[in-house]
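When reading the values below, keep in mind they use all heavy atoms of this one structure, side chains included, and skip hydrogens, waters and symmetry mates. For clarity, every value in this text was computed on a predicted model and none was experimentally measured. If you read the sequence from its start, that first residue is 1, and numbering goes on from there.
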Amino acid sequence: MNIVLSVIVPIYNSEECIERCVQSLLLQDYSKMEIILVDDGSTDNSGKICEKLAGRDTRVKAYHTENRGSVAARNYGVSLAQGKVITFVDSDDWIEPDMYSHMMSAYGMYEPDIISSGLIIDDMFGTRTTEYDLIPEGVYEEAQIKQEIIPTMMYDAERYKRAVTPSVCTKIIRKDLWNEVARTGDSRITYGEDAALSYLCLAKARKAVFMNKVWYHYCVSDNSMVHNFDINSFEKIKIFMDYMEKAYKELGIWTQMETQLKEYVKSFLYPAIKNVFDIKLDDPIYLFPYDLVKSGSQIVLYGAGKVGRSYMENLERTNYARVEAWVDKAYHKYTDLKGKIGSPRLLWEICFDYVVIAIENDEVAQVIQKDLFNMGVDRGKIVWKKPERLNG
């Protein structure tokens, strides 16, 4: 087969594993390919190793950029690609020697816009698991993609998991399609960057091939993003969610994707909540309205029920805002909070930037807002949004 496959490898401080990764590419049965190494401003010896590898084999090309993140490194690699189809490998991963021969054989037969396969997950303890797409193996035309793939690709409600693995490293994608999707991408996305491309490529594809095989070894380490959640993670997750919502609406598939997207986002939110708040996920957990309250603000928290308690736990663990008072009209009923909670009349005695209403019921929240306004609280200081439960 005479079709060039361009393999892009973004690299950042990966001196210990680059050679294993590239060696697995050079051992591929499919030889008609170029390997584009993009050193994303590494501060270790990664850049030198890339040059050494490029000097050994003409299929390997090394490029160096300032550090801009993996998304920018991938797109830069695509801009240099000579092949009409592209794929990716992360520098700490590796692939089986027959991966591309099988996938490119399927490409030669059907010329799809995208080919998808599963992956092998190797963790740091030596445990190996596999993840396959739930989509039956086969060739899917545009109408079938809309009817059989899009409705479950991010979340299959019957099986409680995504039907298509999001990794772009387990895909072969037509370069023109990638560029079409990437052109409107949001450079701020750092969580869900694979999903933001692979799912949108599928949604735009006219033909797709699914192969229920696994060749790609995803190597989990202490440096994996799942271990790096902090309070800023919630803003990053929101950026991803807003971008995907906008893209799906433009494609006219939002009604199919709304629930899927929310379920998918839970895969980020749950570990973030666990890492940041150390909260048991079977407790009611509500996301504090960070987007409506400035960091470091002085606030009054109104509501001592399950939402108010969840908000308070959020704030105690993150110190995102200073709680000047915690109030509830029925404060005398909450005997377990004696000394912590008081009457709304406290608002007349203290200074604050916001009153955050921690109430789930819309009608009750509206009554509280009216009461606060009648007490003389500026409307601009009253914050309420429908509480978003993150579990259950």
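Two different hydrophobic clusters hold V38 and V4 under the rule that ILVMFWY side chains link at heavy-atom gaps under 4.5 Å. A continuous path of Ile, Leu, Val, Met, Phe, Trp and Tyr side chains, each step under 4.5 Å between heavy atoms, connects I3 with V7, placing both in one hydrophobic cluster. Using a 4.5 Å cut-off between side-chain heavy atoms of Ile, Leu, Val, Met, Phe, Trp and Tyr, with links allowed through other members, V265 and I285 fall into the same hydrophobic cluster. Hydrophobic cluster membership is shared by L80 and I173, with clusters built from Ile, Leu, Val, Met, Phe, Trp and Tyr side chains linked at under 4.5 angstrom. F288 and I368 fall into different hydrophobic clusters, where Ile, Leu, Val, Met, Phe, Trp and Tyr are joined by side-chain heavy atoms under 4.5 Å apart, directly or via other members.
Contact check for D40 versus R68: side-chain heavy atoms found under the 4.5 Å cut-off. K294 is listed as a side-chain neighbour of Y354, based on a closest heavy-atom distance under 4.5 Å. Looking at heavy atoms from C-beta onward, K370 lies out of side-chain contact with V367 at the 4.5 angstrom threshold. Side-chain contact check for K249 versus K246: every heavy-atom pair is 4.5 Å or farther apart. The shortest distance between side-chain heavy atoms of V300 and L346 does not fall below 4.5 Å. Between W215 and S117 there is a side-chain heavy-atom pair separated by less than 4.5 Å. Within the 4.5 Å cutoff, the side chain of Y311 has no heavy atoms near those of the W326 side chain. A 4.5 Å side-chain heavy-atom check between N75 and W178 finds at least one atom pair inside the cut-off.
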Practice prompt. Please lay out, stage by stage, how K161 and E131 fare under the test salt bridge (charged side-chain N to carboxylate O under 4.0 Å, His left out).
Written response: CA-CA 11 Å; K161 62 183 295 187; E131 181 177 352; 5.2 Å; no
Item to complete: Mind running salt bridge (charged side-chain N to carboxylate O under 4.0 Å, His left out) on E388 and K262 for me, showing each step along the way?
Response: CA-CA 11 Å; E388 182 180 350; K262 289 178 180 177; over 6 Å; no
Worksheet item: Given R389 and E360, is the salt bridge (charged side-chain N to carboxylate O under 4.0 Å, His left out) satisfied, shown in steps?
Response: CA-CA 10 Å; R389 183 165 178 172; E360 194 166 20; over 6 Å; no
Discussion item. Before you tell me yes or no, could you show the steps for E263 and Q260 under side-chain contact (heavy atoms from CB on, under 4.5 Å), namely the whole-Å CA-CA distance, both residues' side-chain angles and the distance that decides it to 0.1 Å?
Written reply: CA-CA 5 Å; E263 292 293 334; Q260 288 190 62; 5.9 Å; no
Worksheet item: Could you walk me through whether M241 and F268 pass the side-chain contact (heavy atoms from CB on, under 4.5 Å) check?
Response: CA-CA 11 Å; M241 192 167 183; F268 297 127; over 6 Å; no
Worksheet item: Would N314 and Y320 satisfy side chain to side chain donor-acceptor pair (under 3.5 Å), going step by step from the backbone distance to the final call?
Response: CA-CA 8 Å; N314 274 218; Y320 182 82; over 6 Å; no
Item to complete: Carefully, step by step, assess D242 and D186 under the rule side-chain contact (heavy atoms from CB on, under 4.5 Å).
Response: CA-CA 10 Å; D242 288 347; D186 189 331; over 6 Å; no
Fill in: Candidate pair R74 and V168, rule side-chain contact (heavy atoms from CB on, under 4.5 Å), full reasoning
CA-CA 10 Å; R74 283 175 175 173; V168 296; 3.5 Å; yes
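When all heavy atoms are compared, the tightest approach of I237 to A272 is CD1-CB, 4.5 Å. Heavy atoms only, all atoms of each residue included: I95 and V89 are closest at CG2-CG2, 4.4 Å.
One side chain, T43 or N13, offers a donor N or O that lies under 3.5 Å from an acceptor on the other. Looking only at atom types and distance, the side chain of Y12 has no donor-acceptor partner in the side chain of N67 under 3.5 Å away. For the residue pair D133 and T165, a side-chain donor N or O sits within less than 3.5 Å of a side-chain acceptor on the partner. Donor-acceptor pairing under 3.5 Å is lacking for the side chains of T259 and Y155.
Electrostatic pairing of R128 and D122 counts as a salt bridge here, judged by a charged N lying under 4.0 Å from a carboxylate O.
Crowding of E51 atom CD: a count of heavy atoms from other residues, nucleotides or ligands under 6.0 Å exceeding 12. Other residues, nucleotides and ligands contribute at most 12 non-hydrogen atoms within 6.0 Å of the NZ atom of K32. For CD of E235, the number of neighbouring non-hydrogen atoms (other residues, nucleotides, ligands) closer than 6.0 Å is 12 at most.
Evaluated for a side chain to side chain donor-acceptor pair (under 3.5 Å) with E34, the options K61, Q82, R59 yield exactly one hit, K61.
Contacts of D371 classified as salt bridge (charged side-chain N to carboxylate O under 4.0 Å, His left out), with partners at least two apart in sequence or in another chain: K329. By the salt bridge (charged side-chain N to carboxylate O under 4.0 Å, His left out) test, D123 pairs with no residue at all, sequence neighbours left out. Residues passing the side-chain hydrogen bond (donor to acceptor under 3.5 Å, both in side chains) test with R322 are E324, sequence neighbours excluded.
Using cut-offs of 30° and 60° for the angle between ring planes, the Y264 and F240 rings count as tilted.
Separating the NE2 atom in H64 from the CG atom in L37 is a distance of 8.5 Å, to the nearest 0.5 Å. The line from CE of M211 to CD of E137 is 6.0 Å long, rounded to the nearest 0.5 Å. Taking CE from M154 and CE from M244, the interatomic distance works out to 4.5 Å, rounded to the nearest 0.5 Å.
For the pair K381 and F352, the cation-pi criterion (under 6.0 Å, within 45° of the ring axis) is fulfilled.
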